[in-house]
A.B. asks: 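Before anything else, here's the structure in question.
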Amino acid sequence: MTQEYFSPIVLDYIAQGREQGIEAGLRRSILLLLDSRGYSTTDADLQRLESEHDRSVLEAWVKVAANQEASRPFFGDH
């Protein structure tokens, strides 16, 4: 079945699920990068990460995580 047979409501639901999957992938990338840099995430870090839904912010955090120093807080000046 192709997309032209789906109602607009179903198509919107599919798009929302796709966006949530992208957000989850970005969050996972951030956590993996932080771990590889020797950074120990705190509960506050995890809560802030989970509460962010702006894709451009998550993408920027991926770049920050790639250069994270283990001794510095992740959520600081960026």
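Quick note: residue numbers are just sequence positions, from 1. No experiment lies behind these values; they were computed from the predicted model shown.
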A.B. asks: Distance from Leu58 atom CG to Leu49 atom CG, nearest 0.5 Å?
C.D. replies: 6.5 Å
A.B. asks: Shortest non-hydrogen contact from Arg72 to Tyr39?
C.D. replies: O-CE1, 3.1 Å
A.B. asks: Quick check: closest heavy atoms across Gly38 and Ala70, and the distance to 0.1 Å?
C.D. replies: O-CB, 3.3 Å
A.B. asks: Distance-only criterion, 3.5 Å: show the donor-acceptor pairs between side-chain atoms of residues 30-37 and protein atoms not counting sequence neighbours.
C.D. replies:
from	atom 1	to	atom 2	distance (Å)
Ser36	OG	Leu33	O	2.7
Arg37	NE	Gln68	O	2.9
Arg37	NH2	Gln68	O	3.4

A.B. asks: Under the side-chain contact (heavy atoms from CB on, under 4.5 Å) test, which residues partner Gln16, sequence neighbours left out?
C.D. replies: Asp12
A.B. asks: Show the nearest heavy-atom pair for residues Ser29 and Val62, with the distance to one decimal.
C.D. replies: CB-CG2, 4.3 Å
A.B. asks: Sorted by first residue and then second, give each salt bridge (Lys or Arg N to Asp or Glu O under 4.0 Å) pair with at least one member in residues 53-67; sequence neighbours left out.
C.D. replies: Glu19-Arg55, Arg55-Glu59
A.B. asks: Once side chain to side chain donor-acceptor pair (under 3.5 Å) is applied, do any residues pair with Ser51, and if so which ones, sequence neighbours excluded?
C.D. replies: none
A.B. asks: Of all residues at least two apart in sequence or in a different chain, which pass the salt bridge (charged side-chain N to carboxylate O under 4.0 Å, His left out) check with Glu23?
C.D. replies: Arg27
A.B. asks: Looking at side-chain heavy atoms only, is the closest gap between Val10 and Ser7 below 4.5 Å?
C.D. replies: yes
A.B. asks: Can you see which heavy atom on Phe74 is nearest to which on Trp61, and at what distance?
C.D. replies: CZ-O, 3.7 Å
A.B. asks: In chain order, what residues pass the salt bridge (charged side-chain N to carboxylate O under 4.0 Å, His left out) check against Glu52, with sequence neighbours excluded?
C.D. replies: none
